[in-house]
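The structure under discussion appears below in the form of structure tokens.
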Amino acid sequence: MKNHQRRRLRSVVALILCSGAAGCATVKPWDRDLLAKPEMQFVTCAQLHAIDEHVYFSKEASLGGSSLAGGGCGCN
Amino acid sequence: MIEREFGARLRTATFALFLASVLFPAAAHPAPRATAQAVAPAIDLPTDDGRIKPADLAGKVVYVDFFASWCGPCKVSFPWLKTMHEQYAAKGLVIVAINVDKDRGDARQFISHFSPPFLIGYDPRGKTAEAFHVEGMPSSFLISPNGTLLYSHVGFDLKDAAKIEAQIQRALSQ
Amino acid sequence: MQLDAPERPRAVRAKLRTATCLLLTAVAPRFAHAADPPAPPVPASPPTSQIDLTGLFYSERIRVLEPTMRYTRTYSSGRSFFGQVSVDSVTGASPNGTLPTGRTQTVTSASGRSRSVSANSIPTVNFSDTRIALDGEWQQPVKMFAFSLGGHFSHEKDYQSEGVTGRVAIDLNHKLTTLSLGGGYNNDVVSPVGGTSVGMAPYGELTGAASNPKHVKTALVGVSQVLSRKWLVGVSASLSSEDGYLTDPYKALSIIDATTGIPLAQVSEQRPDTRQRRSVQGDSVYHFTSNILYLSYRRYWDDWGIGSHTIDARYRLPVTSAAFVEPHVRFYTQTAADFYRFGLVQGAPLPQYATSDYRMAGLQSVTLGATIGFAPGGRRRTSEWTVRAEYVGQFGDSSPPGTVGVQTRIDLFPAVNVFSMVVNYRFNR
Amino acid sequence: MSLKRVEDYFIGRFTAMAGPCEILVDTDSPPRGERALELARQEARRIERKFSRYLPDSEVGRINGSQGQPVRVDEETAHLLDYAATCYEVSEGLFDITSGVLRRAWKFDGSDRVPAEATVAGLLPYVGWGRVAWGDRTLALPAGMEIDLGGIGKEYAVDRAASLIAAEIPDAFVVNFGGDLYASGPRRGGRPWNIGVDDPERTGDATIAAIPLTRGGLATSGDARRYILYRGKRLGHILNPKTGWPVEGAPRSVTVIAPTCVEAGTLSTLAYLRGPGAREFLEAEGAQFRIA
């Protein structure tokens, strides 16, 4: 079961990365105007994101994702 | 069962191939690099209604700087470029800053903030940037009076300023 | 007086401007300078400072007020530092895990007080706590690498946490690909008010330990990839390993009569002392002509048997160059922990581990909200306001299998409805 | 050549290019004031010597004496000629460095002597940049024609001197060659320089306006110092190369501010050449100007 999950995970990662490889070098340095915007990030406001994580952490059993958990709390 | 094993191996192989292309991009995409003796591409670009033509720059030491309004280090480089202009224009240096913004309004806002005394050309489609094989923003190139590329630099940090200035001085004294 | 007319180069002037520029930079005879003195150094642009003031107002059974202040300093070299102080004031009531009785029931509280509850509502503990947290992070780019090092400390009367995180991001492939690796370690101490309960023993029986250690190790690996001028995607995987006191000291389970369902006694909950969490997350940011769509999906598993899916979508619509609206929707679903029990039936042997904490149950949450951001200073962004209002609803199984007697008539998972509002004010100098 | 302290800045004076030249340096250091003055004077002299039409061995003298033979010029001259060609093009022939021969007919001495129509008409075939072959650093000037870089040279000298001074002296300064000037930046304390505009009626004795100038070039075209009185009308010394007669209906003076002195000077001349249309032209160009 776990082995199966792991394999599936690996194929998902590979798929996404390889579709990235196809797009490699397509965005020239002078074409990165949109990508340079502060809002073109997965997390646009660290403050709000930290609050979100904190709130969900206190109400749900999951943790993790794209950020390293800050400090724990006694809230669950 | 065997099929599935094969599929897994294939995926692993594809993944490895991808990683190789990411880790060694030069090997995967051999990009032509400007070498010391390369001839600089021609600059033929509109300015604010006028035009910079190759003939205008022929026979001069030209410092070309590709910049964009959205590029952080470009904001650092502009005051320095002004200093270079004040210092070396009288000694024959022509500074041509080439803007690659898609939107002229964004470019103007950036430019009017600095009111640069040197030439500004517009290359919104990146044709000239492409010809120079610009690898990052900002990128600068020093061109000799006979049109060869003397020096190029990617990015801008005030720590590099002295090094670039030495190259400018060398080019002017040749 | 025409002198204040704005400068707008027109046809003739523009041509002259170019011609003048070429004329004045033309090669002229060199003056007798033995060696050109280097130009005076351009002063490094001064570091910029940014201050964020945030308030979170949050209502549920718990009311939280969380003022936060974050100070960020960014140097022209790209190095940056931030320090943050936040204070949570939590007051309210939290379910204690036991079941409604149909009769009045007495509940002890974290603060030592007791309170009566009505017969058909979920028993809760009253609490009031203040948590102070300090966070700091230092970031340094070095060529293609970006290193960051962070520290954390938080304190509340029954919980103290100290942690460090480290991270390195590596730009590859002309900065189109970024690989990041990170790790963190947390050293926490749980000191339950009134002492540590003995797990699976009658509620109130204590171990004698005033404090209990808990350690968390986290590792993270991620790749982000630019797919096009408008599209950025990323995948990350994290692994975390916890050990120590992972039980909630204030949660208990009811032991119910096998036929009537009436709670007869309470035992303190007990969870395993290790937990392995794993998660994989995919993120995407896509820039339409002017709007931006953020999507993320997270799959999570742990060895307590909890598995979850989270989908999060935000859509940012610029209203003017200095204001935006961003609707937000999130769906979350989790399966219950292997040792989750809504209650324990009298007569059956007590399990090694059990909890009836609703957060360990199978549940779904829905978040709906919107963020409004605006910068009164216009494009210069000297200050920015961000206001977000959100609703979170949590739903579970109101009548889980195995309920008997009175429990079948009572909603054992009343929906949790939370309204929250966050206000963030940022100013840059 | 003299340098003296006025309030908290130095002012240095010398004569070059047939006019008074001044340099103002916002400094407390006399050596820096000296140095700026010296650089300005050297550069003014160099340009005057190189482009004077009175010196047969100057670049301009050589061209004017070429008798129709092509002349190869040096790089600096080539740039000035390129610039002049651009001016000719954008002014649709009004700004013409070959119009100097008309001065054989006109003497702007404040008197009422006007040349005979035939004299002027006889000179017109020798006027017109369009008749000149210019390219590849070689100029072929038909015999009898002359060029005169006086309309650009002074402003060019101002900008050149300014860039030489700026490269050596950290202080704010103003270079003023006969009323065409350039300010390098704000004075200590952020103050601008105050530039007076000469009163065309009482030239040299009064000013009609003060223009605060922080950075950039400023130049004035007008008839203030050189004119002719004809049938009660003052005719300024700027000639229309197409008619051979002074521009009529032009303002008394046109002052323009631009990033460089060359641009300011060219714009003010172009505006003046349009006669009554000067204001309209400058407004259309979005220039900063003042008309008297």
Side-chain angles (χ1 to χ4, degrees), chain A residues 1-2 5-6 8-10 12-48 50-52 54-76, chain C residues 52 54 56 68 70 131 133 135 152 154 156 158-159 161 163 165 167 173-174 176-177 182 184 186 188 190 216 218 220 222-223 225-230 232-236 238 240 248 277 279-283 285 287 292 296 298 300 306 308 316 332 334 359-360 365 386 388 394 422 424:
Chain A
M1 152 80 183
K2 263 180 208 156
Q5 279 178 348
R6 204 172 299 150
R8 200 186 321 157
L9 164 65
R10 200 161 48 188
V12 167
V13 171
L15 183 77
I16 292 175
L17 293 185
C18 291
S19 65
C24 287
T26 53
V27 186
K28 300 290 192 183
W30 53 89
D31 282 333
R32 300 192 189 167
D33 50 341
L34 302 178
L35 292 164
K37 287 186 178 184
E39 52 267 35
M40 276 300 273
Q41 293 174 18
F42 301 135
V43 172
T44 46
C45 179
Q47 286 287 93
L48 293 184
I51 286 173
D52 281 349
H54 191 60
V55 168
Y56 293 127
F57 172 65
S58 72
K59 311 194 73 58
E60 295 166 356
S62 308
L63 183 63
S66 59
S67 53
L68 287 166
C73 70
C75 46
N76 67 352
Chain C
D52 278 282
T54 315
L56 165 68
T68 302
R70 180 189 285 234
R131 173 175 178 263
D135 286 276
H152 161 84
S154 73
E156 55 204 293
D158 54 1
Y159 200 96
S161 172
T165 56
R167 193 167 186 152
N173 189 18
H174 300 288
L176 293 171
T177 307
N186 251 49
D188 300 356
V190 188
V216 185
T218 311
L220 178 84
V223 184
Q225 173 68 44
V226 169
L227 291 185
S228 77
R229 187 174 155 243
K230 299 179 157 192
L232 174 67
V233 295
V235 178
S236 54
S238 80
S240 99
D248 187 321
R277 302 169 184 262
S279 74
V280 182
Q281 179 163 325
D283 289 278
V285 187
H287 196 299
I292 304 175
S296 92
R298 180 184 65 179
Y300 165 93
I306 296 169
S308 73
R316 185 181 176 115
Y332 172 83
Q334 75 178 40
R359 289 169 295 191
M360 295 286 135
S365 344
T386 311
R388 193 179 68 187
Q394 279 188 305
V422 184
N424 183 66

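The sequence lines fix the lettering, A, B, ..., with proteins before strands; numbering per chain opens at 1.
Inter-residue side-chain proximity for C:V285 and C:D283 is flagged as unmet; no heavy-atom pair is nearer than 4.5 Å. Taking 4.5 Å as the limit, some side-chain heavy atom of C:S365 sits within range of a side-chain heavy atom of A:E60. Taking the side chain as every heavy atom from C-beta outward, C:L176 and C:Q225 approach each other to under 4.5 Å.
Pairing each heavy atom of C:S238 with each of C:L220, the nearest pair is CB-CD1, 3.5 Å.
Proximity to chain C (any heavy atom under 4.5 Å) is restricted, for A:I51, to the side chain, taken from C-beta onward. Both the backbone and the side chain of C:L232 come within contact range of chain A, with heavy atoms under 4.5 Å apart.
For the set C:R229, C:H287, C:R70, C:K230, the count of heavy-atom pairs under 4.5 angstrom toward chain A peaks at C:R229.
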